[in-house]
Protein chains: 2
Amino acid sequence: MNDVARLAGVSIKTVSRVVNDEPGVHPSTAERVLAAIDQLGFRRNLSARNLRRGSSTGTIGLVLEDVGNPFYSGVTRAVEEIARLRGRQVISGSSDEDPGRERELALEFCSRRVDGLLIVPAGLQHSYLVPEMRAGTPVVFLDRPAGDVVADTVLVDNIGGTVEAVTHLAAHGHRRIAFLGDAPDIFTANERLRGYREGCVRAGIGYHEDLVAMGPHDENSVATTLHRLQNLREPATAIVAGNNRITVHILRALAGSADRPALVGFDDFELADLLSPPVTVIAHDASALGKAATDLLFARLDGDNSPPRRVVLPVRLVPRGSGEVHA
Amino acid sequence: MNDVARLAGVSIKTVSRVVNDEPGVHPSTAERVLAAIDQLGFRRNLSARNLRRGSSTGTIGLVLEDVGNPFYSGVTRAVEEIARLRGRQVISGSSDEDPGRERELALEFCSRRVDGLLIVPAGLQHSYLVPEMRAGTPVVFLDRPAGDVVADTVLVDNIGGTVEAVTHLAAHGHRRIAFLGDAPDIFTANERLRGYREGCVRAGIGYHEDLVAMGPHDENSVATTLHRLQNLREPATAIVAGNNRITVHILRALAGSADRPALVGFDDFELADLLSPPVTVIAHDASALGKAATDLLFARLDGDNSPPRRVVLPVRLVPRGSGEVHA
DNA sequence: CCGCTGGGGGACAACGTTGTCATAGTGGCC
DNA sequence: GGCCACTATGACAACGTTGTCCCCCAGCGG
């Protein structure tokens with residue numbers, strides 16, 4: 001800006017006025033300044049501007065588990081969409097389910113003075129955010145609640161979803177329904193297990209430990225587990241999968257096998273309808289989740305200081321006929 | 001920092017020293033400062049720090065078409081990974097194939113003084129970046145080349161891929177091979193069309209206009225096109241799909257149809273192997289693309305100022321048996 | 001001719017840091 | 001006791017902006 005001022009033969013304040021479209025600059029002066037800006041390729045430094053103005057940095061931080069997972073990339077897209085409408089950039093990072101990494105990312109974002117934080121929490125300890133929240137950075141938790149702070153939270157109806165999955169399978173005559181879930185210290189995994197249990201009880205088929213296998217799961221562990229489930233004295237005839245990755249592992253393990261158990265997966269995924277058999281899922285909308293959370297965040301930025309809210313988004317069973325009809 | 005200094009009864013410079021682990025602070029003083037920091041929830045302002053130090057802002061900008069597309073979210077993940085190793089945050093935005101939006105995003109990132117830019121170019125005009133590049137911001141183009149600036153570029157072998165696809169189909173006896181591609185003003189779409197054409201010529205089956213349908217495509221247009229192709233005097237017996245979205249549209253349109261043409265899709269996608277029939281694809285690796293581009297960017301940041309490079313990543317045909325065997 | 005008005009423009013401080021340099025105190029050595 | 005070296009600390013400027021306030025001068029009315 002200094003250089004521009006010198007080249008145009010004006011003070012830097014005048015350059016600032018031109019750059020900001022402030023009134024009170026003679027057209028001919030403005031033209032000279034613009035020419036200088038063009039010639040020097042000047043671009044105003046947003047950091048300095050925000051520092052001086054003490055205003056918003058125009059950024060929001062997004063911490064999620066893995067941008068590479070289509071579910072989270074859908075969330076990211078929705079967040080970006082709304083942020084854009086409100087003139088914000090999104091800075092994002094993947095925690096890979098590691099609480100330490102989550103914390104590192106969140107605090108780094110705070111150091112950058114993001115206007116707000118959206119977090120898919122990895123662990124159960126979030127008191128590290130208290131000073132930041134007290135200092136005025138709004139935080140919205142997404143997909144899972146925070147461990148030990150009270151804050152806005154957007155969840156999906158995990159319990160209702162798995163209850164519905166089990167009910168659906170039981171209604172088709174299944175009595176040996178298995179559940180493969182993610183690591184039980186992950187909130188959603190645990191909730192879905194609870195829903196599974198409740199569904200079993202409601203359906204009158206009872207809850208049996210031997211039908212449950214919690215993760216972490218990879219392709220091999222899923223294959224092994226399926227083998228076990230199918231060789232029980234009373235084999236499982238149906239499976240509820242705790243998330244999209246597990247569903248895919250199951251599909252891969254079952255590929256080509258003759259006697260396939262019925263399957264209902266939590267999380268919808270592309271092409272689920274084109275598989276044979278198509279896969280029945282508990283669907284919930286990544287963009288709805290991202291949108292709800294971002295809306296909440298912006299409401300806080302707009303001055304809403306009502307007590308923290310917890311929003312639970314509905315899920316819906318999408319029956320596609322993945323073997324529910326009990327042979 | 002001022003407040004911390006006051007509370008600890010020291011100068012702000014001493015606080016700065018403590019925060020930065022600089023030597024020459026008495027342990028007892030440091031302790032007082034740390035206590036004050038803790039009490040006030042102080043966190044150093046990175047913008048101010050970077051402004052003062054004139055050093056890197058620790059961010060890189062990523063402009064892509066749509067984070068929601070699994071291909072690009074894979075790229076994003078890879079970029080994030082490497083950026084993290086080099087202590088950078090990633091700011092990303094989706095251009096939605098709109099050159100204006102791309103420009104807006106890229107220049108906004110420049111205003112934020114990102115250390116470097118990774119761009120999946122939407123249009124053909126990138127001279128707007130010249131001043132920024134001259135000012136020292138390295139730019140790497142990804143997946144497609146820039147229109148009118150010379151800069152580092154990482155591409156995949158689009159032509160080789162489609163040549164291989166056509167060759168593969170022709171080897172299985174197909175002589176009426178159609179091509180459904182994206183809008184021809186998109187570099188990759190055009191390249192793949194060229195590859196298709198060359199493949200046809202090499203296979204000695206000739207290039208026929210009536211077998212080509214360039215986009216933009218949506219589910220309906222793909223269905224209509226397929227209908228046309230199958231009702232030609234000499235119907236298409238095989239299809240090459242220009243990208244993952246088109247492949248999926250085709251699969252959906254063909255679902256349940258009896259007489260399916262063979263299909264080879266450009267871009268691999270999850271579950272392609274589990275469909276029936278499985279889908280043969282031209283695979284290329286989103287993370288490899290992201291990694292190569294980010295490595296190139298960091299090489300520039302490390303001072304490499306050799307002439308701009310163009311890296312072309314190989315693709316490979318993954319035969320899965322999607323009806324190539326001509327009945 | 002004087003004073004007032006208002007448009008155009010500049011000087012300067014401040015945002016929150018850190019680099020540079022100065023200074024006060026302390027202990028050791030001759 | 002005087003001098004030096006060294007440690008711990010602080011004062012101040014500067015990074016690139018913008019907000020506040022002030023100044024200059026042309027034009028106008030009296």
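By convention in this document, chain letters (A, B, ...) are assigned in the order of the sequence lines, proteins followed by strands, and residues within each chain are numbered from 1. Predicted model only: the values in this text are computed from it and were never measured.
Nucleic acid contact for Gly54(B): none, since no nucleic acid atom lies under 4.0 Å from a heavy atom of the residue. As judged by a 4.0 angstrom heavy-atom cut-off over every strand, Leu46(B) is placed among residues making no nucleic acid contact. Nucleic acid contact for Ser16(A): base, since at least one base atom lies under 4.0 Å from a heavy atom of the residue. The residue Val10(A) sits close only to the backbone: its heavy atoms come under 4.0 Å of sugar-phosphate atoms, none of a base.
Going from atom CZ of Arg17(B) over to atom P of dT7(D) covers 13 Å, rounded to whole Å. Separating the CG atom of Leu51(B) from the P atom of dC15(C) is a distance of 14 Å, rounded to the nearest angstrom. Separating the CG atom of Asn50(B) from the P atom of dA14(D) is a distance of 20 Å, rounded to the nearest angstrom. Separating the CD1 atom of Ile12(A) from the P atom of dA14(D) is a distance of 13 Å, rounded to the nearest angstrom. Separating the CZ atom of Arg49(B) from the C1' atom of dC15(C) is a distance of 17 Å, rounded to the nearest angstrom. If you take CZ of Arg44(B) and P of dT17(C), they are 9 Å apart, rounded to a whole angstrom. Between Asn2(B) atom CG and dA14(C) atom C1' the separation is 12 Å, expressed in whole Å. Across the protein-nucleic acid pair, Asn45(A) atom CG and dC15(C) atom P stand 18 Å apart, rounded to whole Å.
With respect to Arg77(A) and Glu81(A), a salt bridge is recorded, a charged nitrogen being found less than 4.0 Å from a carboxylate O.
Between the side chain of Asp38(B) and the main chain of Leu34(B), no donor-acceptor pair closer than 3.5 Å is present. Side chain of Ser94(A) to main chain of Asp96(A): no donor-acceptor pair is present (N/O by atom type, distance under 3.5 Å, no hydrogens or angles). Between the side chain of Arg32(A) and the main chain of Ala8(A), a donor-acceptor pair closer than 3.5 Å is present.
Within the structure, every side-chain polar atom (N or O) of Arg53(B) is placed at least 4.0 Å from both OP1 and OP2 of dC15(D). Side-chain N/O atoms of Thr14(A) include one lying less than 4.0 angstrom from OP1 or OP2 on dG10(C). Taking 4.0 angstrom as the limit, Thr29(A) places a side-chain polar atom (N or O) nearer than this to OP1 or OP2 of dG9(C).
Side-chain atoms of Arg52(B) and base atoms of dG16(D) include no donor and acceptor less than 3.5 Å apart.
For Glu22(A), the CD atom is densely surrounded, since the number of other residues' heavy atoms within 6.0 Å is greater than 12.
Both Arg32(B) and Arg113(B) lie close to DNA chain D; mapped to their nearest nucleotides by heavy-atom distance, the more 5′-ward contact belongs to Arg32(B). Residues Ala48(B) and His26(B) each lie close to DNA chain D; by heavy-atom proximity, the contact nearer the 5' end of the strand is made by His26(B).
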